[in-house]
Amino acid sequence: MSKAFVYGDDIDTDALAPGQYMSGGIEQIAAHCLETVDPDFASQVKPGDVLIAGKNFGMGSSREQAAQALKHLGLAGVVARSYAGIFYRNAINLGLPVLVGGAELDRVKPGDAVELDMANSRLITEAGPIELEPLPDFLLAMLADGGLVPHLEKRFARQRANDGEKQ
Amino acid sequence: MPPMTLAEKIIAKAAGRASVAPGEVVTTKVDLAMIHDSGGPRRVEPILKRLGVGLFDRDKVVLISDHYVPGDTEEGAAILALTREWAKEKKVAFYDGEGICHVVLPERGHLKPGMLVVGGDSHSPTGGAFGAYMFGVGATEMAGVLATGEIWLRVPETIRIEWTGKLGAHLMAKDMVLAMCGRLGMDGGRYQAIEYAGETVRALSMQERMTLSNMAAELGAQAGLIAPDKTTIDWLAEHGATDLPDPADWQGDPDAPVAETHFFNADELAPQVAAPHSPANAAPVTDYEPTRIDVAYIGACTGAKYVDLKAAAEIIRGRRLAPGVELLVAPSSKRDQERAARDGIMKVLEDAGAKVLPNACGICAGYGSARLGEDVTCISTTARNFRGRMGAKSSKVYLGSPYTVAASAIAGRIADPREIGAGA
Ligand code: SF4
């Protein structure tokens, strides 16, 4: 199973995409992602791991790189008590799953084995699944396609193929 | 049906649903999309090309050039040329050099209560003054809207801000919204929907209401709504809007749950000034009074509409600028400037020594040649005073109402307009 990285409330976009690395590419930003909160995060996180956080995750600026950095590191997604609105929009549009959970999340400890079950909106833990707020199907489809632009690309390509068949 | 707030009613209609509740994620139809020269054609066209599609409905797209007007740099001129070319090719409504998008859009009758509108600019909440759910998105999302005519939304909670009392002499909506920034902070809106209400708000003119909704952006809200009434409908009819709804259809239900209610009292309000480098640093003008200023700026979608020009002229009439102070005036729209000229307002400002700039964003976001130089201290009617936004990193910007900015231009220091008083 993958691992849980657990942090608190009000993780901001400066922590996620530090200002001094913003002029660099996404690799550089991702390498410093969350270093002010947990210096080991970027080097230890593996594809499929899950970030668990408290309230108001992603507060601060509208910079898209905050979500992009987490996606770049291969996170399966973020599960938080709540999100800052602009971060939430950016994350979904860039293809990073962001889910909302309740007080039960408190029982997940750093390093616990967990798995994000997107199809059933659950976080699977060794002590049993934690139910998360389900995302509607169209957002799940957008996330599966990798975000808004690739999702639309597919949708229009499908439309064109259908139109072609009809002719 | 459960009771709903105004925001929920608009979103439910756009989503084709009987009702929606906060936290739900829905796909909505977009009634109107507004883009400008900076975030518009040059940024969205490459994505539309990649998708291989055109506009969802050219009658529902409005393009306004304002950020790079008048195009006095090589880069700006090229962006404007591209913008004009795109407008011609796509046959969309295009206002070129007519003024700042948030002011021109309603002025030309495009907004109506109950609409769901997406704007490619962060001050898009301005449209909320007309009872429209209008919010801003980045260029990628805008390209999606232009391609599909749809957008997804997480239904916001409503934060109600209720004002009682009467604004005193030389106080304006700008003082109200700065006071809200000072108390609630730039995160007070939590990206939810603010609804401004109460007798003080009802008594405001339409352009004054626009100032409140405009700076819902500084309060961190997604939208800043004011329920429509006779003032709204009359103003819109006068500005060419047709098929206007009955305002009674677009009111929140009195028993609809809201997340928070904040109360403010206009009777106790003093003119507000926000110190560098955040609108949240707002305090009574007297706190900042001895500060000397070099530049007074009356501009932006926030602070250079007809009502704002009129307020400034009321103070400045028959007076001269303090020695060494430069007063720059960039009227929000051509129409507002023409009306102000007809009423003698522009002459009052010019006679005092004001320099009139194009009807565009100008130095509000640091565009053009009038940018603030090193170590300049400015008092401005704009919405934001982040470090370096209006020019050099070392420049300092204080925010105030047009009354306060005009009074400061006369005094050469930050001054209380109640003390300086009306001009001759
Ligand atoms: S005037 Fe300023 S705040 Fe208004 S749209 Fe232009 S840059 Fe933005």
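Worth knowing before you read on, the calculation uses all heavy atoms, side chains too, and leaves out hydrogens, waters and symmetry mates. First the proteins, then the strands, lettered A, B, ... as listed; each starts at 1.
- Side-chain atoms of A:Ile92 and B:Arg154, non-hydrogen and from C-beta on, never get closer than 4.5 Å to each other.
- Atom CD of A:Glu126 sits in a sparse spot, with 12 or fewer heavy atoms from other residues, nucleotides or ligands closer than 6.0 Å.
- Between A:Met142 and B:Trp152, the closest side-chain pair of non-hydrogen atoms falls below 4.5 Å.
- In this structure, the portions of B:Leu51 lying under 4.5 Å from any heavy atom of chain A include both its backbone and its side chain.
- Counting non-hydrogen atoms of other residues, nucleotides and ligands closer than 6.0 Å to CG of B:Asp59 gives a total above 12.
- Using a 4.5 Å cut-off between heavy atoms, A:Leu152 touches chain B through backbone and side chain atoms alike.
- Around atom NZ of A:Lys3, more than 12 heavy atoms belonging to other residues, nucleotides or ligands sit under 6.0 Å away.
- Using a 4.5 Å cut-off between heavy atoms, A:Gln159 makes no contact with chain B at all.
- Only the side chain of A:Leu148 comes within contact range of chain B, with heavy atoms under 4.5 Å apart.
- With a 4.5 Å cut-off on side-chain heavy atoms, A:Asn93 and B:Thr140 do not count as touching.
- By the neighbour-count criterion of 12 heavy atoms within 6.0 Å, atom NZ of B:Lys90 is densely surrounded, having more than that number from other residues, nucleotides or ligands.
- In this structure the side chain of A:Arg155 never reaches within 4.5 angstrom of the side chain of B:Val53, judged on heavy atoms.
- Using a 4.5 Å cut-off between heavy atoms, A:Arg160 contacts chain B through its side chain alone, with no backbone atom that close.
- The environment of CZ in B:Arg371 is crowded: more than 12 heavy-atom neighbours from other residues, nucleotides or ligands sit within 6.0 Å.
- No side-chain heavy atom of A:Asn56 sits under 4.5 Å from any side-chain heavy atom of B:Tyr191.
- Note that CZ of A:Phe156 is 6.0 Å distant from OG1 of B:Thr148, once rounded to the nearest 0.5 Å.
- Proximity to chain A is limited to the side chain of B:Gln222, based on heavy atoms less than 4.5 angstrom apart.
- Environment of NZ in B:Lys396: sparse, with no more than 12 heavy atoms of neighbouring residues, nucleotides or ligands closer than 6.0 Å.
- Contacts between B:Thr27 and chain A at a heavy-atom distance below 4.5 Å involve backbone atoms as well as side-chain atoms.
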